**Student:** 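This structure is in structure tokens; I'll ask about it shortly.
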Amino acid sequence: MTVTLNGSTIQIARPVHSISVNKNRVAFKDVQGDKCAELASASERRSFIELLVKS
């Protein structure tokens with residue numbers, strides 16, 4: 001799945017193995033390796049995390 005956030009494209013390959021949140025950054029690990037997304041608001045972070053945990 002491909003997601004576009006703030007003009008940058010993030011490729012997400014299922015399954016997602018881990019998710020870590022630190023201030024404006026959401027880091028996650030999928031089958032392709034470690035990836036990171038910078039998000040401006042708490043609601044954007046929540047929406048992105050919900051997208052990551054969907055099966």
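Not measured: the values here are computed from a predicted model.
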**Student:** Checking E44 now: which residues fulfil side chain to side chain donor-acceptor pair (under 3.5 Å) with it, not counting sequence neighbours?
**Tutor:**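 E44 satisfies side chain to side chain donor-acceptor pair (under 3.5 Å) with no other residue.
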**Student:** Run the salt bridge (Lys or Arg N to Asp or Glu O under 4.0 Å) test against K35 and tell me which residues pass, sequence neighbours left out.
**Tutor:**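 Applying salt bridge (Lys or Arg N to Asp or Glu O under 4.0 Å) to K35 gives D30.
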**Student:** Residues in side chain to side chain donor-acceptor pair (under 3.5 Å) with E50, at least two apart?
**Tutor:**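 E50 satisfies side chain to side chain donor-acceptor pair (under 3.5 Å) with no residue once adjacent residues are dropped.
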**Student:** Donor-acceptor pair, distance only, cut-off 3.5 Å: does the side chain of R14 make one with the backbone of K54?
**Tutor:**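 The answer is yes, because a donor-acceptor pair under 3.5 Å joins these two groups.
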**Student:** Holding to side-chain contact (heavy atoms from CB on, under 4.5 Å), I want the full list of residues that pass it with T9, two or more places apart in sequence or in another chain.
**Tutor:**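 side-chain contact (heavy atoms from CB on, under 4.5 Å) list for T9, sorted by chain: T2, T4.
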**Student:** Give me the atom names and distance for the closest heavy-atom approach of I10 to C36.
**Tutor:**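 Minimum heavy-atom separation between I10 and C36: CD1-O, 4.2 Å.
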**Student:** So which heavy atom on A13 is nearest to which on V31, and how close?
**Tutor:**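 Reported closest heavy-atom pair: CB-CG2, 3.5 Å.
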**Student:** Roughly how far, to the nearest 0.5 Å, is NZ of K29 from OG of S20?
**Tutor:**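 The distance works out to 12.5 Å.
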**Student:** Membership question, hydrophobic clusters at under 4.5 Å side-chain separation (ILVMFWY): are L51 and V53 in the same one?
**Tutor:**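 Both belong to a single hydrophobic cluster.
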**Student:** Out of curiosity, I19 CD1 to L52 CG, how far, rounded to the nearest 0.5 Å?
**Tutor:**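 If I round to the nearest 0.5 Å, the distance is 4.5 Å.
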**Student:** Among residues at least two apart in sequence or on other chains, which ones pass side-chain contact (heavy atoms from CB on, under 4.5 Å) with S43?
**Tutor:**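 side-chain contact (heavy atoms from CB on, under 4.5 Å) list for S43, sorted by chain: S41, R46.
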**Student:** How far apart are the closest heavy atoms of N24 and A40, and which atoms are they?
**Tutor:**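 The answer is OD1-O, 4.1 Å.
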**Student:** Taking side chain to side chain donor-acceptor pair (under 3.5 Å) as the definition, give me every residue that meets it alongside S8, ordered by chain and number, with sequence neighbours left out.
**Tutor:**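 Here no residue qualifies.
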**Student:** Which pairs pass ring-ring contact (aromatic ring centres under 6.0 Å, His included) with one or both residues in residues 19-38, sequence neighbours excluded?
**Tutor:**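 Checked against ring-ring contact (aromatic ring centres under 6.0 Å, His included) - neighbours excluded - the pairs reaching residues 19-38 are F28-F48.
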**Student:** For D34, what residues pass the side chain to side chain donor-acceptor pair (under 3.5 Å) criterion, not counting sequence neighbours?
**Tutor:**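 Counting only residues at least two positions away or on another chain, D34 forms no side chain to side chain donor-acceptor pair (under 3.5 Å).
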